[in-house]
Participant: 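Please read through the structure below; I'll follow up with questions.
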Amino acid sequence: MSENVVHLHKPTDPPTPETAPTVLTVVPDAPPARPVPLWVRSGQAVKTAVTHETTKATVRAAARHSLYTFNGGRIVARRTWDGRTGARYERMIRAAEAAGNLEAAEEWEERLQRFRAARHHRRMDLLHSPVEAAKGVAVGAGMSVGVLVALGVVMAINTGHVGDVITPLSATVDFIALLIRIVQIVWGPALTIGPLLALLALWSVGRKQHAAPQWALPANVRSSEGEPITPSIVVKALRDLGVPALAKAIKEMGDAGASMLGPIRIAGCGVEVDVTLPSGVATNEVQSKRRKLAENLTRHEHEVFITIPQAARTVRLWIADSGALDEPIGPSPLVTDDTMTADYAKGKASWGQDLRGDAAALSLYQRHLLITGLSNQGKTVALRSLALWLSLDRSVQFLMGDLKGVGDWAMFDGLATTLIQGPTDEHVIQVTEMVEGAVDEMNRRIQAPPGTTFPPLIVLVDEAQVAFMCPAKDADKRPYGGSKANSRYFMAVRKIHNQGRAVNVLMWQGTQDPTNENLPKLVREGAHTRASLALGTESQARMALGDKAVDGGAAPNLLRPGLDRGTLVVASDGITIPAGQSSITVRTHYIDDDAAEAITDRAKALRDGVTTLHAIDRGEERDPLADIASVVGDATRVRTQDVPKRLAVLNQDAYGRWSFLDLKRVLDGTGAEPYKSDGVMVVGRDRLARALTNRDTNGSASAHG
């Protein structure tokens with residue numbers, strides 16, 4: 001069935017039949033482009049030529065070398081003027097007065113007076129010098145002629161010819177004539193070449209001083225960082241610091257602003273200079289602008305350190321060579337020297353290098369230690385390197401808790417007496433009991449006879465913030481974490497801080513990202529050696545190192561997280577700190593896990609063998625009241641001083657340290673309290689039996705109720 005399709009739209013163009021002729025459409029060519037005017041093409045050519053890099057380089061070179069010569073002339077003229085007049089002394093006097101240093105001003109005034117007196121003396125000598133010079137010339141000429149004639153006489157006697165008497169004299173005259181002819185020949189070219197040589201000398205002076213604008217200097221000089229530190233660069237950097245009083249004082253000093261500076265000394269991979277600030281400028285005004293000062297010195301912020309020495313109104317600048325702090329410092333002597341040993345009492349741990357490049361060694365003798373910083377900055381490695389060094393002293397004992405539990409301290413297995421590893425609450429409980437056990441050991445040592453010496457016991461807890469933040473509580477509802485008087489870990493650490501160092505029981509802690517919650521104030525202030533890696537804020541730096549160190553220039557918050565890994569700011573009397581400073585920056589050696597295992601293998605070889613506990617042995621649960629009844633036995637009564645001894649025989653671990661006070665504590669309130677019999681305190685068998693019966697009866701009644 002076919003369908004008829006009806007088209008509703010009429011085509012505008014009728015269909016072309018197949019037999020229709022082909023129609024060609026002629027498209028006219030586009031009109032020719034309008035010619036560019038000559039003046040436009042000329043302008044474009046001129047612009048291209050002017051802006052071409054070769055033209056720019058040529059213009060800069062011409063300007064640079066011209067200004068080298070011109071400014072070199074100014075520099076030479078200034079030096080000449082300073083050498084011939086007292087202008088230099090006058091500038092120094094004005095600078096000292098502007099800085100408020102009257103003693104220096106008086107000293108420079110005395111030097112100026114001596115210079116003027118010496119110059120006056122020279123000028124007075126000039127009045128008499130022509131006569132003296134004439135006399136000297138006459139005497140010299142006469143003596144010379146006499147010597148020549150005498151020489152001629154000797155020659156005449158030798159040769160027998162009388163004419164030889166004047167031969168030396170005539171030879172001298174001929175020589176003088178030759179010199180005159182040489183001068184006549186050279187004089188003309190010298191007059192032409194001399195000014196050129198003088199200009200070349202001025203150009204050389206200007207070139208050495210880079211006496212040209214920045215835009216005219218070569219690219220390698222214009223854009224390079226780390227140019228040599230000179231007095232003028234330091235003064236200019238201080239002038240442009242944005243401290244109005246400082247800028248005004250330097251301006252009044254004129255070119256002698258460098259009088260503020262002490263000697264610029266090479267210090268390791270940089271230089272060090274003391275700056276005495278003018279009156280009216282506080283040291284913290286310079287400290288607070290560390291970044292701007294660094295950039296003015298063409299350095300990065302981390303390459304400039306500002307500290308406050310003992311001298312008043314003085315800041316000490318340490319300026320690193322560009323990029324030097326990004327270079328590694330080399331391996332630890334612990335790794336390279338297989339024969340190295342340690343001495344806890346007299347030795348120092350080789351920890352790294354200070355900014356001067358000198359070895360930084362830390363004494364660990366009777367010093368509690370705290371190391372903190374942001375996560376993944378090298379805290380564990382820095383703490384571990386100290387423990388590795390100390391492990392090479394065979395007398396040192398370790399109790400270790402690693403609350404991260406990823407194996408950073410696994411190499412101490414077989415070296416530490418206790419090694420607990422893990423981040424859970426149960427691990428915190430174990431570590432807390434470990435520290436409390438160290439407190440018991442400390443108390444035992446304190447009760448020992450005076451003069452008794454004890455081996456060092458290092459109680460080390462890494463990631464201690466986990467312990468302080470632990471929410472777990474014991475059976476008596478005492479929290480393990482926190483910072484209250486009933487917080488078990490906090491109080492154990494405080495007890496060791498208070499009395500441990502006297503008997504060589506020391507607390508070492510490593511923690512990260514300190515706050516008042518995860519690092520309580522009393523704990524952090526109990527450490528004798530406090531060190532910090534990179535931190536986020538100044539308030540954290542004050543928590544880590546204390547207000548004194550931060551006010552003195554310590555700034556771990558200005559270290560670069562990730563880039564300055566392993567760099568510590570240390571406040572301790574156990575490390576050599578430059579005079580007047582409260583802290584020192586140390587770049588620690590990196591010791592990897594393999595190297596650490598090799599060191600602990602050497603340490604284990606020094607010992608007879610250590611069995612490491614990986615959990616606290618709480619022992620079997622004892623019933624003290626029943627044990628007391630057991631040791632009393634069939635005796636009617638036993639003297640109280642004998643009961644602890646019998647208990648110790650029964651179980652040394654549980655009762656070995658018992659005293660009368662422990663016995664009284666257990667028996668009080670039971671009805672079996674010690675009493676006097678025949679003038680001595682005793683414990684009665686019958687009373688103990690009734691106490692046990694009453695306890696069992698009450699316990700059964702409570703259970704049924």
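Predicted model only: the values in this text are computed from it and were never measured.
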Participant: Do R316 and F305 meet the cation-pi criteria used here (NZ or CZ under 6.0 Å from the six-membered ring centre, within 45° of the axis)?
Facilitator: no

Participant: Evaluate the side-chain contact (heavy atoms from CB on, under 4.5 Å) criterion for residues V381 and Y590: first the C-alpha distance (whole Å), next the side-chain angles of each, then the deciding distance (0.1 Å), finally the verdict.
Facilitator: CA-CA 7 Å; V381 173; Y590 176 72; 3.8 Å; yes

Participant: Determine the sole option in I250, V234, L277 for which the side chain to side chain contact (heavy atoms under 4.5 Å, CB included) test with M260 is passed.
Facilitator: I250

Participant: Quick one: OG1 on T230 to CD1 on I264, what's the gap to the nearest 0.5 Å?
Facilitator: 6.5 Å

Participant: Is there a side-chain contact between H589 and I329 (heavy atoms, below 4.5 Å)?
Facilitator: yes

Participant: What is the distance from atom CD1 of I371 to atom CZ of R530, rounded to the nearest 0.5 Å?
Facilitator: 13.0 Å

Participant: Counting only heavy atoms not in R265 (residues, nucleotides, ligands), do more than 12 fall under 6.0 Å from its CZ?
Facilitator: yes

Participant: Under 4.5 Å between any side-chain heavy atoms of P278 and L246, yes or no?
Facilitator: yes

Participant: We want to know whether W351 and S385 form a side-chain donor-acceptor pair, criterion being a heavy-atom distance below 3.5 angstrom.
Facilitator: yes

Participant: Of the non-hydrogen atoms in K348 and A361, which two are nearest, and what is the gap between them?
Facilitator: CB-CB, 3.6 Å

Participant: Tell me whether R299 contacts the main-chain N or O of A320 through its side chain, where contact means a donor paired with an acceptor under 3.5 Å.
Facilitator: yes

Participant: Do L317 and I306 make a side-chain contact, defined as non-hydrogen atoms from C-beta onward lying under 4.5 Å apart?
Facilitator: yes

Participant: Quick one: does R239's side chain have a donor or acceptor within less than 3.5 Å of a partner on K251's backbone?
Facilitator: no

Participant: Please give me the minimum heavy-atom distance between W389 and D343, naming the atom from each residue.
Facilitator: CH2-O, 3.5 Å

Participant: Just how far is it from atom CD1 of I584 to atom OG1 of T576, taken to the nearest 0.5 Å?
Facilitator: 7.5 Å

Participant: How about R291: does its CZ atom have over 12 heavy atoms from other parts shown lying under 6.0 Å from it?
Facilitator: no

Participant: Ion pair present between D551 and R542, side-chain N to carboxylate O less than 4.0 angstrom?
Facilitator: yes

Participant: Can you tell me how far the CD atom of Q377 sits from the OG atom of S532, to the nearest 0.5 Å?
Facilitator: 10.0 Å

Participant: Does any non-hydrogen side-chain atom of T314 lie less than 4.5 Å from one of T283?
Facilitator: no

Participant: Tell me if the NZ atom of K248 is crowded by more than 12 foreign heavy atoms within 6.0 Å.
Facilitator: no

Participant: Just by distance, do the side chain of S288 and the backbone of V286 share a donor-acceptor pair under 3.5 Å?
Facilitator: no

Participant: Would you mind reporting whether L334 and M340 have side-chain heavy atoms less than 4.5 Å apart?
Facilitator: yes

Participant: Is E285 salt-bridged to K289, going by a charged N under 4.0 Å from an acidic O?
Facilitator: no

Participant: Shortest non-hydrogen contact from S582 to G552?
Facilitator: OG-CA, 3.6 Å

Participant: Kindly indicate whether the side chain of L362, heavy atoms from C-beta on, has any atom under 4.5 Å from the side chain of V586.
Facilitator: no

Participant: Check residues 558-569 and write down every donor-acceptor pair under 3.5 Å in which the side-chain atom is one partner and the other belongs to a residue at least two apart or another chain.
Facilitator:
from : atom 1 : to   : atom 2 : distance (Å)
R560 : NE     : H302 : ND1    : 3.4
R560 : NE     : D564 : OD1    : 3.4
R560 : NE     : D564 : OD2    : 3.2
R560 : NH1    : H302 : ND1    : 3.4
R560 : NH1    : H302 : NE2    : 3.1
R560 : NH2    : H302 : NE2    : 3.2
R560 : NH2    : D326 : OD1    : 2.8
R560 : NH2    : D564 : OD1    : 2.9
D564 : OD2    : R560 : N      : 2.8
R565 : NE     : N376 : O      : 3.0
R565 : NH1    : G562 : O      : 3.4

Participant: Indicate the atoms forming the closest heavy-atom contact of Q366 with Y344, along with that distance.
Facilitator: N-OH, 3.0 Å

Participant: Return the CD1 to CD1 distance between I229 and I319, rounded to the nearest 0.5 Å.
Facilitator: 4.5 Å

Participant: Do V235 and L261 make a side-chain contact, defined as non-hydrogen atoms from C-beta onward lying under 4.5 Å apart?
Facilitator: yes

Participant: Quick check: does any side chain N or O of H300 sit under 3.5 Å from a backbone N or O of A294, one acting as donor and the other as acceptor?
Facilitator: no

Participant: Grab the two heavy atoms, one from N296 and one from D240, that are nearest each other, plus how far apart they are.
Facilitator: ND2-O, 3.4 Å

Participant: Do any N or O atoms from the side chain of T58 and from the backbone of T54 form a donor-acceptor pair under 3.5 angstrom?
Facilitator: yes

Participant: Which is it for L127 and M124 under the side-chain contact (heavy atoms from CB on, under 4.5 Å) test, yes or no, and what are the steps along the way?
Facilitator: CA-CA 6 Å; L127 298 176; M124 294 303 295; 3.9 Å; yes

Participant: Would you say R367's side chain and Y365's backbone share a donor-acceptor pair under 3.5 angstrom?
Facilitator: yes

Participant: In a table with atom names and distances, give each donor-acceptor pair under 3.5 Å that connects a side chain of residues 170-187 to protein atoms at least two apart or in another chain.
Facilitator:
from : atom 1 : to   : atom 2 : distance (Å)
S170 : OG     : I166 : O      : 3.2
S170 : OG     : T167 : O      : 2.8
T172 : OG1    : P168 : O      : 2.9

Participant: Minimum heavy-atom separation for A237 to L293, with atom names?
Facilitator: CB-CD1, 3.9 Å

Participant: Could you state the interatomic distance from CG (L364) to OG (S572), rounded to the nearest 0.5 Å?
Facilitator: 9.0 Å

